[in-house]
Amino acid sequence: MQNKNIKNILSGVFIILFISFLLIVNFMEKNKKIVKTVSYTNKEDFNENKYGLFLSSLHANFNGDYDKLSSFYDEAVKQNNNDFLGRLFILQSTNENRDEVLKLALSEYKKNNQNIVPVMYLANDYFVKKQYSKSLQLLNNLKGKSDTFIVKLLKAWNLTAQKKYDDALDLLETELNNKAFRKYVLMHLGAIAEIADDKSYATEIYEEVLKTERVNIFDIENISSFYLRSKNQKQAVKIISDYYAKMPDSVSVLMLLNGVRDGLYTPVSIDTENKGMAKAIFDISSIFSSVFASSQDLHLMYLTMIDDLYPDFYMSILVKSEVYKNLNKPALFFKYSNKVPEDNYLYTTSKLNEALYYLQSDTTKDKGLGIFNNLISKYPNIPQLYFRLGSYYQNNKDYVQAIDNYSKALSFADSDKLKGDIYFARAQIYDIDKNTENTKNDLEEAFKLKDVNPVFLNYYGYFLINNNLDLDKGLDLISRAVANEPTNPFFLDSFGWALFKKGDFEKSLKLLELAKSIEPKNPVIIDHLADVYWSLNRKREAVFEWQKALSFKDYNKNSIEPININKIEYKINYGL
């Protein structure tokens with residue numbers, strides 16, 4: 001409850017700041033003589049205007065212009081602005097000058113020893129230097145915050161480093177009823193139990209973790225490592241296999257599974273206090289990045305703290321490279337992506353990330369395709385590589401290459417769910433090419449194999465109805481999709497169109513009018529509604545809607561189902 005309240009307070013503060021920012025900008029526009037505005041494009045215009053600097057940095061942050069944001073933080077440091085996180089961001093996202101960051105943390109701590117950010121940074125520095133008592137003391141001095149989950153987690157690893165295992169376990173066990181963080185609590189309890197050589201308790205805890213829905217690949221790696229060190233390879237393989245069944249599109253999970261099954265890769269184990277603290281900070285980073293998606297500076301600070309604790313923490317390194325990509329810093333993105341070695345299960349993912357980055361631009365797409373080809377040459381039996389490449393070709397309307405890669409992916413896929421996804425993707429291309437037989441075959445295969453979701457149900461049902469193949473089955477499939485998402489306009493459109501095909505014009509009308517109210521500019525929905533109007537002898541309204549559909553003809557021109565302009569023009573002149 002306390003963490004929830006903190007989240008609500010922070011969210012409220014952010015909203016207030018944002019509204020204040022908008023009001024101030026409006027005020028500045030109307031009162032240029034009173035408040036000197038600062039252009040965020042020219043650094044020389046700052047003129048010691050800290051308020052303008054603050055507003056300009058907000059503007060740059062909202063627009064994702066991180067290079068300009070960095071220059072503002074540089075200027076803030078020179079003006080002695082009290083912007084600790086900002087300074088950390090610029091130093092770590094550009095220079096990564098740890099000594100300078102440490103000085104700033106100490107300076108900020110002297111001003112406010114209750115600010116958790118510099119306390120965490122300084123406590124981590126003490127931990128790295130094995131001065132665990134000092135690290136723990138800093139955390140204990142956080143009045144009103146020392147009993148939060150995050151601080152307890154850091155304190156538990158300090159106690160573990162001092163071999164006070166029972167104290168560490170007792171401290172974390174007080175958070176077992178914390179539903180929001182229960183999975184994290186369990187993972188760290190298991191890791192500390194391992195270090196304390198309490199295998200029985202570790203086994204009990206890890207079995208509980210595997211039942212949770214929030215388990216991730218790094219948890220799976222740690223737990224499988226525990227069983228490998230216990231000489232139980234069969235259980236380690238089973239744990240990864242079970243996870244792969246849920247995540248069959250993940251290259252990383254498959255590479256981990258193959259490596260452990262073939263005895264080629266030893267998963268990372270949290271078998272030292274440094275690795276444990278690194279995982280704690282990584283988890284905190286994950287929590288903050290999911291709750292505050294725009295806090296890339298804070299996210300980056302935590303990931304950088306991990307470097308000194310555990311420099312070969314490749315999961316953290318991979319995430320760090322993605323943060324730099326999001327900050328539009330390609331040099332740093334590639335620097336960290338290239339740190340993942342070939343013998344690590346994350347290597348393929350790191351190279352895929354690089355390939356996808358290159359494929360965003362026509363000028364570099366050949367590099368991206370080259371990386372794909374190298375990966376396929378190195379790992380010719382990995383279906384996800386062909387699937388990803390097929391998706392690229394499909395998005396670029398090279399349907400021949402897309403189908404070829406999807407077919408190759410199917411030949412190597414060993415997961416029903418993955419096969420279902422590939423069949424569905426290939427069916428959409430056949431549908432575009434008006435190859436009704438192949439489309440129907442692939443959709444039927446996908447329906448047999450995959451855990452059907454509303455999008456698939458709607459697509460399959462609409463295909464059957466629109467091609468007059470099986471109206472009853474199509475209506476049943478679409479009704480199931482609508483039951484899952486009753487306000488989805490595209491599902492409502494399909495349902496209404498199915499009822500129109502069945503001759504139930506009145507019910508069709510209600511659904512299509514509702515769909516149109518949600519998506520008022522979608523020409524396909526408007527065209528369908530016009531057909532219903534005509535069938536109900538509301539011909540003027542039908543013509544009006546067909547004309548409106550033509551006016552929105554470019555609204556979804558990249559859709560799988562673009563409108564037939566010639567057909568609509570015919571209906572305007574002659575009706576149905």
Side-chain angles (χ1 to χ4, degrees), residues 213 237-238 240-254 257-258 261 380-395 399-486 488 490-495 497-499 501-502 559-561:
E213 294 181 358
V237 171
K238 182 181 184 304
I240 305 172
S241 296
D242 290 346
Y243 187 66
Y244 179 59
K246 300 175 184 176
M247 306 284 291
D249 59 337
S250 172
V251 179
S252 299
V253 180
L254 180 58
L257 175 59
N258 289 344
R261 185 168 51 200
N381 300 327
I382 303 297
Q384 292 87 351
L385 297 177
Y386 300 103
F387 190 23
R388 301 281 177 85
L389 192 53
S391 297
Y392 165 75
Y393 283 121
Q394 182 174 358
N395 291 336
Y399 299 131
V400 173
Q401 288 280 12
I403 287 177
D404 179 59
N405 279 280
Y406 285 150
S407 299
K408 289 177 180 176
L410 281 170
S411 69
F412 295 113
D414 56 359
S415 158
D416 284 349
K417 187 176 184 301
L418 180 58
K419 288 179 183 178
D421 290 339
I422 300 169
Y423 274 122
F424 182 30
R426 194 172 69 174
Q428 293 175 60
I429 299 177
Y430 285 138
D431 198 12
I432 292 171
D433 287 341
K434 305 301 179 185
N435 189 329
T436 304
E437 184 178 354
N438 282 350
T439 305
K440 183 173 182 290
N441 290 338
D442 275 7
L443 288 174
E444 286 177 350
E445 290 298 324
F447 188 62
K448 294 175 187 175
L449 295 168
K450 66 191 269 84
D451 291 331
V452 289
N453 58 54
V455 172
F456 174 79
L457 291 170
N458 177 68
Y459 190 100
Y460 189 13
Y462 186 83
F463 167 78
L464 292 174
I465 290 165
N466 214 35
N467 290 278
N468 298 310
L469 296 172
D470 191 334
L471 295 181
D472 291 331
K473 182 177 180 180
L475 187 61
D476 176 63
L477 294 171
I478 295 169
S479 65
R480 289 164 60 185
V482 173
N484 277 278
E485 297 183 27
N488 186 307
F490 306 106
F491 298 175
L492 292 170
D493 171 59
S494 298
F495 202 7
W497 190 237
L499 291 171
K501 288 275 193 174
K502 296 275 287 184
S559 170
I560 291 174
E561 187 195 14

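Positions are given from 1 along the sequence.
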Is the closest side-chain heavy-atom distance between Leu449 and Lys417 below 4.5 Å? no
**Item:** Pairwise side-chain contact, Ser407 with Asp404, heavy-atom cut-off 4.5 Å (strictly under)
**Value:** no
- Is the backbone of Met247 close enough, under 3.5 Å, to the side chain of Ser250 for a donor and an acceptor to pair up by distance? no
So CD of Glu485 and CZ of Arg480: to nearest 0.5 Å the spacing works out to 14.0 Å
Residue set satisfying salt bridge (Lys or Arg N to Asp or Glu O under 4.0 Å) with Asp472, at least two apart, ordered chain then number -> Lys502
By side-chain hydrogen bond (donor to acceptor under 3.5 Å, both in side chains), Lys440 pairs with (sequence neighbours left out) Glu444
Step by step, work out the ring-ring contact (aromatic ring centres under 6.0 Å, His included) result for Phe387 and Tyr406.
CA-CA 6 Å; Phe387 190 23; Tyr406 285 150; 5.7 Å; yes
- Item | Polar side-chain atom of Asn395 near backbone of Ser391 as donor-acceptor pair, under 3.5 Å | yes
For residues 462-471, the salt bridge (Lys or Arg N to Asp or Glu O under 4.0 Å) pairs (sequence neighbours left out) are none
For Phe456, the ring-ring contact (aromatic ring centres under 6.0 Å, His included) test, sequence neighbours excluded, returns Phe424, Tyr460
One should read off an interatomic distance between Asn467 CG and Tyr462 OH, to the nearest 0.5 angstrom, of 9.5 Å
* Answer yes or no: is there a side-chain heavy-atom contact under 4.5 Å between Pro248 and Val253? => no
Of all heavy-atom pairs linking Ala402 and Gly390, the shortest is CB-O, 3.6 Å
Is Asn441 reaching over with its side chain to a backbone N or O of Glu437, donor-acceptor style, under 3.5 angstrom? yes
Applied to residues 381-392, the salt bridge (Lys or Arg N to Asp or Glu O under 4.0 Å) test, sequence neighbours excluded, yields none
Those residues at least two apart in sequence (or on a different chain) that pass ring-ring contact (aromatic ring centres under 6.0 Å, His included) with Phe495 are none
Sorted by chain and residue number, the side-chain hydrogen bond (donor to acceptor under 3.5 Å, both in side chains) partners of Tyr244 (sequence neighbours excluded) come out as Gln384, Asp414
Beyond-backbone contact of Tyr392 with Asn405, side-chain heavy atoms, under 4.5 angstrom = no
| said: Suppose we call two aromatic rings close when their centres sit under 6.0 Å apart. Are Tyr386 and Phe412 close by that rule? | reply: yes
Within the structure provided, determine whether Tyr459 and Leu443 are in side-chain contact (heavy-atom separation under 4.5 Å).
yes
Residues passing the salt bridge (Lys or Arg N to Asp or Glu O under 4.0 Å) test with Lys448, sequence neighbours excluded, are Glu445
Rounding to 0.5 Å, atoms CD1 (Ile465) and CH2 (Trp497) come to a distance of 10.5 Å
### Task
Could you walk me through whether Asp431 and Phe463 pass the side-chain contact (heavy atoms from CB on, under 4.5 Å) test, one step at a time?
CA-CA 8 Å; Asp431 198 12; Phe463 167 78; 3.9 Å; yes
- Kindly determine whether Ile403 and Arg426 satisfy side-chain contact (heavy atoms from CB on, under 4.5 Å), including the steps that lead there. CA-CA 6 Å; Ile403 287 177; Arg426 194 172 69 174; 4.2 Å; yes
- Task: Please assess Ser241 against Leu257 for the test side-chain contact (heavy atoms from CB on, under 4.5 Å), listing each intermediate value before the final yes or no.
- Result: CA-CA 7 Å; Ser241 296; Leu257 175 59; 3.3 Å; yes
Hits for side-chain hydrogen bond (donor to acceptor under 3.5 Å, both in side chains) against Ser415, two or more places apart or cross-chain, chain-then-number order -> none
In this structure, OG1 of Thr436 is separated from CG of Leu469 (nearest 0.5 Å) by 7.0 Å
Residues Ile422 and Ala409: closest non-hydrogen pair is CD1-CB, 3.6 Å
Phe491 meets the ring-ring contact (aromatic ring centres under 6.0 Å, His included) criterion, sequence neighbours left out, with none
Using modelled atom types only, decide if a donor and an acceptor are shared between the side chain of Asp433 and the backbone of Asn435 within a distance under 3.5 Å. no
Applying side-chain hydrogen bond (donor to acceptor under 3.5 Å, both in side chains) to Arg261 and not counting sequence neighbours gives Asn258
**Item:** Working for side-chain contact (heavy atoms from CB on, under 4.5 Å), residues Leu475 and Leu499
**Value:** CA-CA 8 Å; Leu475 187 61; Leu499 291 171; 4.1 Å; yes
Smallest heavy-atom separation, Ile478 atom then Gly461 atom, equals CD1-C, 3.7 Å
All heavy atoms of Leu464 vs all of Leu477, minimum pair found to be CD1-CD1, 3.9 Å
Residues passing the salt bridge (Lys or Arg N to Asp or Glu O under 4.0 Å) test with Asp242, sequence neighbours excluded, are Lys238
Rounded to the nearest 0.5 Å, the CG atom of Leu457 sits from the OG atom of Ser494 at a distance of 11.0 Å
